[in-house]
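Report on one structure; see the data block that follows.
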Amino acid sequence: RMVKRNMACRNDIRRHDAPFMAVYKSLIPAEEELEKQKQLMARLENLVAKEWPHAKLYLYGSCANSFGFPKSDIDVCLAIEDDDINKADMLLKLAENLEADNFQNVQALTRARVPIAKLMDPVTGISCDICINNVLAVVNTKLLRDYARIDVRLRQLAFIVKHWAKSRRVNETYQGTLSSYAYVLMCIHFLQMRRPPILPCLQEMEPTYSVRVDNIRCSYFDSVDRLVNFGSSNRETIAELVWGFFNYWAYGHDYANTVVSVRTGSILGKREKDWTRRVGNDRHLICIEDPFETSHDLGRVVDKFSIRVLREEFERAAKIMHQDPNPCAKLFEPY
Ligand code: ATP
Ligand code: MG
């Protein structure tokens, strides 16, 4: 009888696959947007090469990790191997060159936590932030993109979760909620933990890619073309996964004692990370380990007020998935 009931539940939830797929498809950026991004990158590469012939430009963040929405700004990292560069001076010089090249709204934010130069390209209409030597972000962008190539359900789930987080205003780090990067890691981890798993743990496999960034060794198995059938014995569909994701974060996760870790593909104890007490501003109320900077908790922006907001939103979403006749409409209702 249990099996029968489970099957009934399954069919019930799968009725919502089509509407969720429609939302997912509506969020995929058009091919011509990617073309415009490439065009802008080429122009920037030209400009940078004139001033710093040894520098390289990399896209990072949502424009390059395959979890980007249409009309996003692009994030660019200027990488230069030189021990005595002064980032502020360099950004000022860069801003000067950008203005001379007719880019608009050019600004050098030299005192920000991550100092950047901002610009808007009048040709494509794209806005862009350029930072210097934030190579770890380039590497974690590649990790996310590689995970996305293994099973399309990751991209489906993460688009739905990001869209939900933006609609419900829980994707605002300056308000104490989580970054898009954190949400994508939560999705990867969730799919690593399914039984049978939908995603492997690339950092636990024999490395085929290895770089050293700021004294951190970043290595993992990146020949993901060989893993495209990895999750095929798990037949769960998008609606089931959205349901499972919110159910986990509403009722299943042990906030008091555990850390989600994509690096190990498992759940760690807060105690083994020494994340049991507040240190400075790190309160560790929801713990998401950065896959490379392992001392970095992506939940550290969350405080005692915003943790309540987040958990209430997870519960709201889980309830909608359990009860609502049309969850897809309700879930994304603006806050
Ligand atoms: P959005 O569509 O919301 O702009 P995004 O993918 O650009 O999403 P952000 O959270 O803005 O996501 O982060 C941009 C990139 O910066 C990430 O892909 C990641 O490489 C890096 N990043 C962001 N936050 C952190 C962090 N706390 N620690 C390390 N890297 C981070
Ligand atoms: Mg971004």
Side-chain angles (χ1 to χ4, degrees), residues 24 26-29 33-34 37 40-41 57-79 109 112-120 126-148 154-155 157-189 203 211 213-216 218 220 259-263 275 280-284 286-302 306 310 332:
Y24 164 65
S26 74
L27 294 169
I28 298 174
E33 268 186 60
L34 303 179
Q37 290 178 359
L40 171 56
M41 269 305 266
L57 286 191
Y58 298 96
L59 280 171
Y60 74 97
S62 59
C63 54
N65 64 18
S66 74
F67 299 101
F69 285 175
K71 313 247 154 30
S72 315
D73 299 347
I74 69 172
D75 297 306
V76 174
C77 167
L78 190 163
L109 305 182
R113 196 179 52 84
V114 179
I116 51 171
K118 289 176 101 54
L119 62 100
M120 201 278 282
I126 300 177
S127 295
C128 169
D129 292 348
I130 305 180
C131 65
I132 296 174
N133 284 351
N134 189 4
V135 183
L136 216 41
V138 176
V139 177
N140 67 36
T141 293
K142 174 175 155 57
L143 180 72
L144 265 47
R145 186 176 60 234
D146 285 335
Y147 269 114
L154 170 59
R155 205 166 172 228
L157 177 65
F159 270 55
I160 299 289
V161 169
K162 267 181 74 172
H163 182 45
W164 161 83
K166 286 180 196 291
S167 311
R168 301 301 299 171
R169 307 209 8 218
V170 285
N171 177 212
E172 300 177 353
T173 46
Y174 56 91
Q175 304 268 30
T177 55
L178 298 170
S179 66
S180 296
Y181 177 57
Y183 282 113
V184 175
L185 290 172
M186 288 155 77
C187 292
I188 295 173
H189 184 261
Q203 288 171 276
V211 289
V213 183
D214 311 333
N215 281 322
I216 299 174
C218 305
Y220 66 93
V259 176
V260 301
S261 163
V262 165
R263 171 180 62 97
W275 282 356
N281 263 333
D282 291 16
R283 296 176 181 84
H284 304 303
I286 172 172
C287 295
I288 302 149
E289 181 193 58
D290 186 89
F292 299 119
E293 246 182 314
T294 56
S295 63
H296 187 137
D297 175 8
L298 292 161
R300 72 176 174 196
V301 289
V302 177
S306 59
L310 263 175
F332 309 114

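Ligands are counted one by one from 1 in listed order, and the atoms in each one are counted from 1 as well.
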Heteroatom distance test (F69, ligand 1): nitrogen or oxygen, under 3.5 angstrom:
no
Nearest non-hydrogen partners of Y60 and T141, listed with the distance:
CB-OG1, 3.4 Å
For F292 and Y220, take the angle between the two ring planes, folded into 0 to 90°, and tell me which bin it lands in: parallel under 30, tilted 30 to 60, perpendicular over 60.
tilted
Within ligand 1, which atoms have a heavy atom of D75 less than 4.0 Å away?
7 (O)
Pairwise side-chain contact, V135 with Y58, heavy-atom cut-off 4.5 Å (strictly under)
no
Of all the atoms in ligand 1, which lie at a distance below 4.0 Å from a heavy atom belonging to T141?
18 (O), 20 (O)
For atom 19 (C) of ligand 1, what is the closest protein heavy atom, and at what distance to 0.1 Å?
N140 OD1, 3.2 Å
Which of the atoms in ligand 1, numbered in the order shown and given with their element, are less than 4.0 Å from a heavy-atom of N65?
6 (O), 18 (O)
Which heavy-atom pair separates S127 from M120 by the least distance, and what is that distance?
OG-CG, 3.5 Å
Residue, atom and distance of the protein heavy atom nearest atom 28 (N) of ligand 1 read H296 CE1, 3.6 Å
Please list the nearest protein heavy atom to atom 25 (C) of ligand 1 with its residue and the distance rounded to 0.1 Å.
Y181 CD2, 3.6 Å
Please indicate, with yes or no, if any protein heavy atom is found under 4.0 Å from atom 11 (O) of ligand 1?
no
Quick one: look up the protein heavy atom nearest atom 14 (C) of ligand 1 and list residue, atom name and how far away it is.
G61 CA, 3.7 Å
Using 30° and 60° as the class limits, which term best fits the ring planes of W164 and Y183: parallel, tilted or perpendicular?
perpendicular
With respect to K118, which candidate in D73, D75, D129 satisfies the salt bridge (Lys or Arg N to Asp or Glu O under 4.0 Å) definition?
D129
Short side-chain donor-acceptor distance under 3.5 Å, Y181 and N140
yes
If we only count N/O pairs under 3.5 Å, is E293 in contact with ligand 1?
no
Top protein contact for atom 4 (O) of ligand 1, by heavy-atom distance:
S62 OG, 3.6 Å
Positive for side-chain contact (heavy atoms from CB on, under 4.5 Å) with H189, one of V260, I288, V184:
V260
Shortest protein contact, atom 2 (O) of ligand 1 (heavy atom only):
K162 NZ, 2.8 Å
If you scan protein heavy atoms around atom 1 (P) of ligand 1, the nearest is S180 OG, 3.5 Å
Grab the two heavy atoms, one from H284 and one from D297, that are nearest each other, plus how far apart they are.
ND1-OD2, 2.7 Å
Is K162 positioned over the aromatic face of F67, cation under 6.0 angstrom from the ring centre and no more than 45 degrees off axis?
no
For Y60, counting its heavy atoms only, list the atoms of ligand 1 lying under 4.0 Å from any of them.
15 (C), 16 (O)
Considering non-hydrogen atoms of the protein only, which is the closest contact for atom 27 (N) of ligand 1, and what is the distance?
L298 CD2, 3.1 Å
